[in-house]
Protein chains: 2
Amino acid sequence: MKTMLPASTSPGTLVDGMTATRPYHHGNLREELLREGERALESGGAAGLSLREVARAIGVSHAAPRRHFADKQALLDALAEAGFARLGADLDRVVDEAGPGSGEQLAALARAYVSFAGAHPALLELMFAAKTQADAPPQLRDAAERAFAAPLAVIAEGQARGDIVAGYHERVAKFAFATMHGLVAMANTGMLPAEATDAFIDEASVHLMQGLRPR
Amino acid sequence: MKTMLPASTSPGTLVDGMTATRPYHHGNLREELLREGERALESGGAAGLSLREVARAIGVSHAAPRRHFADKQALLDALAEAGFARLGADLDRVVDEAGPGSGEQLAALARAYVSFAGAHPALLELMFAAKTQADAPPQLRDAAERAFAAPLAVIAEGQARGDIVAGYHERVAKFAFATMHGLVAMANTGMLPAEATDAFIDEASVHLMQGLRPR
DNA sequence: ACCTGAACACCGTTCAAGT
DNA sequence: ACCTGAACACCGTTCAAGT
């Protein structure tokens, strides 16, 4: 995380002759792998991400990433973990800023989740896949849990206030999450009309609270 | 589709000597590729499916599939299309068998969808991914549309009867599908307790109709 | 401590050639 | 018409060796 080293010089700046050699110590490789890895992820999905291509883009040998990430999955897991930290920060913030009603808070969470998904679709897909791996690393599970702490609290507090139907709050939260997960999957695969996604999400928040029976 | 040829002899039955050669014409290759392809799909997902491995398992050269499927995606698309045909048949059937109420019909559809997902998790994931491809083949899109005709009709008829909230029926159906898609994604990745999935789905059907506000 | 280069065992795809 | 075998350009992973 420390960025006290001189900003990593791009290989291009060194090529003033055929004999120019790259500096032996790259210095910042781990951060650069994460940055370039996320770029590659968004451009072609987790399956399409090539570790060798990421290494080439940074200008190190294809074996260099191994010092920092044991294999491709380790890089993906690290990207997912960082993603959960950012998503969690977003969700915490919008709950703080939203009004006191559960409906409002859930709608704000829905907007923030969909907004994150729109900005980083492949990352969010990876995050879901990574955390549901049978052998997901504990740090990843913890980051995911922290990210969803705010939504879970919104549900529990809504129940305490009588805004939300009674029942084990984790089960109610899982239902709400299923709806969000489905909406985001549809939005990111073009199943929702792009120009009306916001309106659709707001309508969905109402359906989530009010249900599909007539009112 | 015609199976008038002698049932494809497994290579094993021919190996009574070192000089045994496989029959030149396999005869049934397309069907076998689909069958073995689906087996491989369920054992390792679409990304993990290897065309060469499928060919090896059947006993043909790695280039043989090309006569029947131009590339790996073409095989996956064919598997997805067949999957939609089967799913559609299931959904049609349960709607016929269910009572007249929209709640009952939607719950029956939910159970059938989740049941299909449980039996063929990787196939259902592929089906969703395949049909949302930008360049999905028309037959695949048509098969998907036919599969969801019954749920769409249930929504529209429910609205006509006053069982379901008013609004453009495709938009309401998309919301219901989002919930189902999310529930299935969670069930198939272990996010729902395996022993209580059925109860969870039934509860979810009620939430879908009644919403999360207290009643 | 950090990275390189060669090597291994895989891929998907292409194509001339065989029957 | 249907399939084979060699070839090409990729992968991820491993490991001895270099600085």
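Each chain gets a letter, A, B and so on, in the order its sequence line appears, and its residues count up from 1.
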| Donor-acceptor under 3.5 Å (B/Lys131 side chain, B/Glu145 main chain) | no
| message | Are the side chains of A/Phe175 and B/Thr179 in contact, using a 4.5 Å heavy-atom criterion? | response | yes
Could you go through residues 49-59 of chain B and list every donor-acceptor pair under 3.5 Å that involves a side-chain atom there, pairing it with any protein atom two or more places apart or in another chain?
{"residue": "B/Ser50", "atom": "OG", "partner": "B/Arg52", "partner atom": "N", "Å": "3.3"}
{"residue": "B/Ser50", "atom": "OG", "partner": "B/Glu53", "partner atom": "N", "Å": "3.0"}

| query | How close or far is atom P of D/dG12 from atom CG of A/Leu33, stated in whole angstroms? | reply | 13 Å
| message | For a salt bridge (Lys or Arg N to Asp or Glu O under 4.0 Å) check, start with the C-alpha distance between A/Asp96 and A/Arg93, then their side-chain angles and the critical distance, and finish with the verdict. | response | CA-CA 5 Å; A/Asp96 275 356; A/Arg93 186 170 39 71; over 6 Å; no
Heteroatom pairs (N/O) under 3.5 angstrom, protein to nucleotides 8-10 of chain C:
none

| said: Measuring from the side chain of B/Leu29 (C-beta onward, heavy atoms only), which nucleotide among C/dG12, D/dT13, D/dC3 has the closest atom? | reply: D/dC3
| message | Quick one, B/Leu183 and B/Thr197 - any side-chain contact, counting heavy atoms below 4.5 Å? | response | no
| Length of the CG-P vector between A/Leu51 and C/dC3, whole Å | 14 Å
| query | In whole angstrom, what separates B/Asn28's CG from D/dC2's P? | reply | 12 Å
| query | Can you tell me if A/Asn28 uses its side chain to pair, donor with acceptor, with the backbone of A/Glu31 under 3.5 Å? | reply | no
Under 3.5 Å, which protein N or O atoms sit close to an N or O of nucleotides 14-17 of chain D? Give each pair with its distance.
{"residue": "D/dT14", "atom": "OP2", "partner": "A/Arg66", "partner atom": "NH2", "Å": "2.3"}

| task | Grab the NZ-C1' distance between B/Lys72 and C/dC11 for me, whole Å please. | result | 9 Å
| note | Its dot-bracket string being built from Watson-Crick and G-U pairs below 3.5 Å, with | for another strand and [ ] for crossing, DNA chain C has the pattern ||.|||||...|||||.||
| Which part of the nucleic acid, if any, lies within reach of B/Leu75 when heavy atoms closer than 4.0 Å are counted: base, sugar-phosphate only, or nothing? | nothing
| query | Counting distance only, does the side-chain N/O of A/Gln139 pair as donor-acceptor with the main-chain N or O of A/Glu81 below 3.5 Å? | reply | no
| query | For A/Arg111 and A/Asp202, what are the C-alpha separation, side-chain angles and deciding distance, and is it a salt bridge (Lys or Arg N to Asp or Glu O under 4.0 Å)? | reply | CA-CA 8 Å; A/Arg111 280 191 295 267; A/Asp202 284 344; 3.3 Å; yes
| Nucleotide nearest A/Glu53 when distance is taken to its side chain, options D/dC11, C/dC3, D/dT4 | D/dC11
| To the nearest Å, how far apart are A/His68 NE2 and C/dA1 C1'? | 9 Å
| Under the salt bridge (charged side-chain N to carboxylate O under 4.0 Å, His left out) test, which residues partner A/Glu38, sequence neighbours left out? | A/Arg86
| Whole-Å gap separating C1' (D/dT13) and CZ (A/Phe69) | 16 Å
| Side-chain donor-acceptor contact under 3.5 Å, B/Gln133 with B/Gln73 | yes
| request: List in chain and number order the residues that pass salt bridge (charged side-chain N to carboxylate O under 4.0 Å, His left out) with A/Arg39, two or more places apart in sequence or in another chain; answer none if no residue qualifies. | output: A/Glu36
